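Let me begin by presenting the structure, written as structure tokens, before commenting on it.
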Amino acid sequence: GTSTLFNLREENVMTTYREAAATGFALLAQQYQKSQELFDGNFWFGGNTLHTCLHYMLETKQTDTKGILVTAKKFYDRLVNAADWWHDDYAWWGNAFVLAIKNRNELGYGALSYNGLFDALKSDARDCCYKLIENWSNQGYGGDLDNSAGANPNITGGTFNTQDQPPMSGRNSVTNEGFWILCQQL
């Protein structure tokens with residue numbers, strides 16, 4: 001017999017990656033319009049959501065008619081100094097800002113009236129990079145387990161900060177790769 005998996009179209013559910021991506025984008029875009037407090041406890045969610053929305057708009061050749069970039073910038077400005085965020089959060093935001101900067105015209109922000117926004121994004125992207133630079137360490141890895149504070153709290157250059165050494169404060173690939181990409185993009 002025919003599996004119900006093959007009858008998805010009859011049940012009015014998404015049937016293509018394109019439809020799934022469009023639905024996902026619509027939900028992410030809605031997140032920015034819902035609440036000013038949406039990302040308060042999860043600064044990195046805002047950066048990741050922005051990055052994902054920008055990629056979607058670029059891949060589908062859409063401009064930012066929903067004002068996602070402007071709203072994201074407001075979230076960033078309100079939250080950037082609200083807490084001592086994990087350092088990899090700044091890589092998420094910085095890389096999203098650089099993506100917007102490099103694709104300004106494609107996103108519909110080519111008018112001179114947006115120069116102030118893009119000057120601020122350039123400054124914010126550099127500030128994000130400096131947050132990562134100030135916590136970097138050239139000290140080599142000392143073994144299999146020195147990527148987390150529990151294994152070796154003396155290894156700096158991690159996701160959070162060097163104060164109090166909370167869990168996961170050691171270096172990890174997310175921080176390193178986000179930092180590396182941001183440095184190359186800048």
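Note: hydrogens, waters and symmetry copies are ignored here, and every other heavy atom, side chains too, is used. Predicted, not measured: the structure shown is a model, and the values here were computed from it.
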### Task
Starting at CD of Glu59, measure out to CZ of Arg18 and round the result to the nearest 0.5 Å.
11.0 Å
### Message
Distance check, rounded to the nearest 0.5 Å: Lys66 atom NZ versus Met57 atom CE?
### Response
10.0 Å
### Task
Kindly work out whether a path of hydrophobic side-chain contacts (I/L/V/M/F/W/Y, heavy atoms less than 4.5 Å apart) joins Leu186 to Trp180.
no
### Query
Going by the side chain to side chain donor-acceptor pair (under 3.5 Å) test, which pairs reach into residues 115-125, not counting sequence neighbours?
Lys73-Asp124, Arg104-Asn115
### Query
Among all residues two or more places apart in sequence or in another chain, which pass the side chain to side chain donor-acceptor pair (under 3.5 Å) test with Thr60?
Gln62
### Tyr56 and Phe25 aromatic ring geometry - parallel, tilted or perpendicular at 30°/60° bounds
parallel
### Query
Atom CD of Gln31 and atom CD1 of Ile68: how far apart are they, to the nearest 0.5 Å?
11.0 Å
### Query
Taking all non-hydrogen atoms of both residues, which atom of Cys129 and which atom of Cys183 are closest, and how far apart?
SG-SG, 3.8 Å
### Query
Which heavy atom in Gly47 sits nearest to a heavy atom in Ala96, and how many Å separate them?
O-CB, 3.9 Å
### Query
Any chance CG of Asn81 has more than 12 other-residue heavy atoms, nucleotides or ligands included, within less than 6.0 Å?
no
#### Entry: is_close_aromatic(Phe179, Tyr90), centroid dist under 6.0 Å
no
### Task
Work out which heavy atom in Ala100 is nearest to a heavy atom in Phe118; give both atom names and the distance.
O-CE2, 3.5 Å
### Query
Just how far is it from atom CG of Asn95 to atom CG of Asn48, taken to the nearest 0.5 Å?
10.0 Å
### Query
Which pair of heavy atoms, one from Ala29 and one from Cys53, lies closest together, and at what distance?
N-SG, 4.1 Å
### Query
So, does Asp64 use its side chain to make a donor-acceptor pair with the main chain of Gly67 at under 3.5 Å?
yes
### Asp89 side chain to Phe43 backbone, donor-acceptor under 3.5 Å
no
### Task
Decide yes or no on side chain to side chain contact (heavy atoms under 4.5 Å, CB included) for Thr63 and Leu107, but give the supporting numbers first.
CA-CA 4 Å; Thr63 59; Leu107 292 168; 5.9 Å; no
### Task
Please lay out, stage by stage, how Gln185 and Lys102 fare under the test side-chain hydrogen bond (donor to acceptor under 3.5 Å, both in side chains).
CA-CA 9 Å; Gln185 296 300 312; Lys102 287 183 164 195; 2.6 Å; yes
### Query
Under 4.5 Å between side-chain heavy atoms, hopping through other hydrophobics if needed: is there a path connecting Ile181 to Leu132?
no
### Task
On the 0 to 90° scale, with breaks at 30° and 60°, tag the His55-His51 ring pair as parallel, tilted or perpendicular.
perpendicular
### Message
Could you measure the distance from the CG atom of Leu121 to the CH2 atom of Trp93? Nearest 0.5 Å is fine.
### Response
10.0 Å
### Message
Looking at every non-hydrogen atom in both residues, tell me the closest pair between Val98 and Ala125 and how far apart they are.
### Response
CG2-CB, 3.9 Å
#### Entry: For Tyr114, all residues meeting ring pair (Phe, Tyr, Trp, His ring centres under 6.0 Å), sequence neighbours excluded
Tyr109
#### Entry: CD/Gln184: more than 12 non-hydrogen atoms of other groups inside 6.0 Å
yes
### Message
Quick one, Leu27 and Gln30 - any side-chain contact, counting heavy atoms below 4.5 Å?
### Response
yes
#### Entry: Leu50 reachable from Leu28 in the ILVMFWY side-chain graph, under 4.5 Å edges
no
### Task
Using a 4.5 Å cut-off on heavy atoms from C-beta on, say whether the side chain of Lys131 contacts that of Asp127.
no
